[in-house]
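Structure first, then comments.
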Amino acid sequence: MSRAPELRIYPHSDEVARGAAALFISVGGEAIRARGSMFVALSGGSTPKLFHAALTGADYAAQLDWQRVSFFFGDERAVPPDHAESNYGMAKATLFQPLGIKPEQVYRIQGEELPEVAARHYEEELRRILGTGGLSWPSLDLVLLGMGEDGHTASLFPDTPAVQEQTRWVTTSVSPQGVRQRISLTLGVLNHADVVVFLVTGRNKARTVKAILEPAAGDTRVLPAALVRPVKGRLMWLLDDAAASELTVARQSRSSREE
Ligand code: 6PG
């Protein structure tokens, strides 16, 4: 039985970013103390840019032994790494370069390959690094996710076969907009992470946030982000007031900057 999601609501998106940075440092520090390393899967899209800026800023960058962090990706568009739409390219510019992360610490999805080949190669790499002992699912220390207005997360889009995948760790998918061909971690991987954190900001996401966190009776839609319920791990939603504006709970709980 998965635990209830932990909700943290901040007045503005820059505070969500700082809250996420503080959380990253906390989870990473704990993982490094316990096992000498941190395995994290990054999210794509635009929301993480503010988070990366906070994490690489003076308040947080010095608080983690970055050489002990291995970076993975929740998903990738089927584009080369230097393409404007590449999630790896965004992370390289906004996180890896500012922190001096060595290339050998980063495990990117090779978007330049055929999607099915890229998915297969990435799964082989994940199994080589994370799957020692023949695990059916790997256990990442931290997975960062965003959410689209349609309720997609990573590259798991509503009513697509990728959402139904029960055994593969990495699969291909098709986006209804933008770069169509995608490669994505599957729900099994997301739901076996120790900590899963959604970063969602903006009024345009509020209705979907409500549908996921306070579903209306009779709402039979299957929103992929609602299927992210870690089996044993923590699930956290970090929202700004705008994204939380349709939640009843929003008016009762506010996270302060310090949390
Ligand atoms: C991607 C992401 C995707 C993203 C959402 C939200 O590759 O685009 O993995 O799931 O998190 O689409 O994107 P924004 O942060 O740009 O709103």
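Whatever order the structure lists them in is the order used to number ligands and atoms, beginning at 1. Just so it is clear, the values below take in all heavy atoms, side chains as well, and ignore hydrogens, waters and symmetry mates.
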- atom 13 (O) of ligand 1: which protein heavy atom is closest, and how many Å away? Gly45 CA, 4.0 Å
- Query: Looking at Asp141 and Arg35, does any basic side-chain N land under 4.0 Å from a carboxylate oxygen?
  - Reply: yes
- Item | Results of side-chain hydrogen bond (donor to acceptor under 3.5 Å, both in side chains) for Arg229 - residues two or more places apart only | none
- Query: Where does Glu76 meet ligand 1, judged by heavy-atom distances below 4.0 Å: at the side chain, the backbone, both, or neither?
  - Reply: neither
- Of the side chain and backbone of Leu145, name the one, both, or neither that has a heavy atom under 4.0 Å from an atom of ligand 1. neither
- Query: What residue and atom, counting heavy atoms only, is the protein's closest point to atom 16 (O) of ligand 1, and at what distance?
  - Reply: Ser46 OG, 2.6 Å
- the protein heavy atom lying closest to atom 4 (C) of ligand 1 turns out to be Gly44 O, 4.0 Å
- Message: Give me the residue, atom name and distance of the protein heavy atom closest to atom 8 (O) of ligand 1.
- Response: Arg77 NH2, 2.7 Å
- Message: Suppose I only count heavy atoms of Ala154 and a 4.0 Å limit; which atoms of ligand 1 are within that range?
- Response: 2 (C), 3 (C), 9 (O), 10 (O)
- Message: Could you identify the single nearest non-hydrogen protein atom to atom 11 (O) of ligand 1 and state the distance to 0.1 Å?
- Response: Gly146 CA, 3.3 Å
- Residues Ala154 and His152: closest non-hydrogen pair is O-CD2, 3.5 Å
- Sub-4.0 Å atoms of ligand 1 with respect to non-hydrogen atoms of Asp75: 1 (C), 2 (C), 7 (O), 9 (O)
- Ser155 N/O under 3.5 Å from ligand 1 N/O: no
- Mind checking side-chain hydrogen bond (donor to acceptor under 3.5 Å, both in side chains) for Ser26 and listing every partner two or more places apart, or none if nothing turns up? none
- Item | Where ligand 1 meets His152 - atom numbers and elements under 4.0 angstrom, heavy-atom basis | 3 (C), 5 (C), 10 (O), 12 (O)
